[in-house]
Amino acid sequence: MTTTLDLDPVKEAALIAAQNDAFRLSILGTTPVADAPQGQFVMTRGVAALGPDAQLALTRRVASFDAFTADSDPHGWHEMGVIDFDGTTIWFKLDLYDVDYQYGSPEPSDPAQTRRVLTLLLPSEY
């Protein structure tokens with residue numbers, strides 16, 4: 001099923017950003033986020049090696065992140081962020097896949113056709 005929502009690029013970017021924000025807020029599982037898009041939250045070995053306390057602190061920072069810039073978020077989708085964590089730079093990246101997690105989403109602004117994967121990583125792991 002492929003449908004085009006026929007949104008202008010500015011409205012589409014705002015819609016995707018709102019969906020990405022809702023997904024990020026839902027990753028803690030402590031605050032219900034109505035209609036949060038479906039997806040997965042993963043971290044790389046480098047982030048996992050920082051230990052459980054750091055993982056929890058970083059997850060909280062990602063969930064509440066709102067410091068998007070033109071450099072880290074050129075499309076306005078709120079899909080990439082940079083966090084300074086005790087002098088260590090941490091990135092998070094949201095990728096939008098089809099419902100089978102095999103290809104890019106055919107319609108990124110449609111939650112029925114899109115699954116998110118939020119990856120927490122060190123820049124050296126990119």
Q: Would you indicate whether the side-chain heavy atoms of Val42 and Leu118 approach each other to under 4.5 Å?
A: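 Leu118 does not reach Val42 side chain to side chain.
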Q: Show, in sequence, the C-alpha distance, side-chain angles and deciding distance for Val117 and Leu94, and conclude whether the side-chain contact (heavy atoms from CB on, under 4.5 Å) test is met.
A: CA-CA 6 Å; Val117 175; Leu94 256 163; over 6 Å; no
Q: Are Val47 and Phe85 co-members of a hydrophobic cluster defined by side-chain heavy atoms under 4.5 Å apart?
A: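 Same hydrophobic cluster.
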Q: Please list, chain by chain and in numerical order, all residues satisfying side-chain contact (heavy atoms from CB on, under 4.5 Å) with Asp66, sequence neighbours excluded.
A: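 With sequence neighbours excluded, Asp66 shows a side-chain contact (heavy atoms from CB on, under 4.5 Å) to no residue whatsoever.
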Q: Would you say Leu122 and Ile90 make side-chain contact, with heavy atoms under 4.5 Å?
A: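 Yes. Closest side-chain heavy atoms under 4.5 Å.
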Q: Quick check: is Val62 connected to Met80 through a chain of hydrophobic side chains (ILVMFWY, heavy atoms under 4.5 Å apart)?
A: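 Each belongs to a different hydrophobic cluster.
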Q: Testing the basics here: between Ala36 and Ala22, what is the closest heavy-atom pair and its distance to 0.1 Å?
A: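 Heavy atoms only, the tightest pair is CB-O, 4.0 Å.
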Q: Gln38: what forms a side chain to side chain donor-acceptor pair (under 3.5 Å) with it, not counting sequence neighbours?
A: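 By the side chain to side chain donor-acceptor pair (under 3.5 Å) rule, Gln38 matches Arg115.
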Q: For the atom pair CD (Glu12) and CG (Asp110), what is the distance rounded to the nearest 0.5 Å?
A: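 Atom-to-atom, Glu12:CD and Asp110:CG are 10.5 Å apart.
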Q: Heavy atoms only: give me the nearest Val99-Ala112 pair and the separation to one decimal.
A: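 What the structure gives for the nearest pair is CG1-O, 3.4 Å.
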Q: Any link between Phe23 and Tyr97 through a network of hydrophobic side chains (Ile, Leu, Val, Met, Phe, Trp, Tyr) touching at under 4.5 Å?
A: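 In one cluster with Phe23: Tyr97, no.
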Q: State, to 0.1 Å, how close Gly39 and Tyr101 come at their nearest heavy-atom pair, and which atoms those are.
A: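 Nearest heavy atoms, Gly39 then Tyr101: CA-OH, 3.5 Å.
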Q: Nearest 0.5 Å, please: how far is CD1 in Ile16 from OG1 in Thr114?
A: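 Thr114 OG1 to Ile16 CD1: 7.5 Å, rounded to 0.5 Å.
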Q: How close do Ala17 and Gly76 get, heavy atom to heavy atom, and via which atoms?
A: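 That closest heavy-atom pairing would be CB-O, 3.3 Å.
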Q: Look at the side chain of Asp98 and the backbone N and O of Asp100, then say whether any donor-acceptor pair between them is shorter than 3.5 Å.
A: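 Pair found, side chain donor or acceptor close to backbone of Asp100.
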Q: Strictly distance-based, threshold 3.5 Å: is any side-chain N or O of Ser105 a donor or acceptor partner for the main-chain N or O of Gln113?
A: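 Confirmed, Ser105 side chain pairs with Gln113 backbone.
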Q: With Tyr126, which residues qualify under side-chain contact (heavy atoms from CB on, under 4.5 Å), at least two apart?
A: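 Only Trp91, Leu121 meet the side-chain contact (heavy atoms from CB on, under 4.5 Å) criterion with Tyr126.
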Q: Rounded to the nearest 0.5 Å, how far apart are OG1 of Thr88 and CG of Leu58?
A: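 These two atoms lie 9.0 Å from each other.
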Q: According to side-chain hydrogen bond (donor to acceptor under 3.5 Å, both in side chains), does anything in residues 39-65 pair up with another residue at least two apart or in another chain? List the pairs.
A: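 side-chain hydrogen bond (donor to acceptor under 3.5 Å, both in side chains) check on residues 39-65 returns Thr44-Glu125.
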Q: If you round to the nearest 0.5 Å, how far is CG of Leu96 from CG of Asn20?
A: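 The distance works out to 5.5 Å.
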Q: Evaluate the side-chain proximity of Pro108 to Trp77: yes if any heavy-atom separation is below 4.5 Å, no if none is.
A: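 Answer yes - side chains close enough.
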Q: How long is the span from the OG1 atom in Thr119 to the CE atom in Met43, to the nearest 0.5 Å?
A: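 Spacing of OG1 (Thr119) from CE (Met43) equals 10.0 Å.
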Q: Quick one: which residue pairs count as a salt bridge (charged side-chain N to carboxylate O under 4.0 Å, His left out) with a foot in residues 71-92, not counting sequence neighbours?
A: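 The answer is Glu79-Lys93.
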Q: Hey, could you give me each pair passing ring-ring contact (aromatic ring centres under 6.0 Å, His included) that has a residue in residues 53-74? Not counting sequence neighbours.
A: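 Non-adjacent pairs meeting ring-ring contact (aromatic ring centres under 6.0 Å, His included): Phe65-Phe68, Phe65-Phe92, Phe68-His78.
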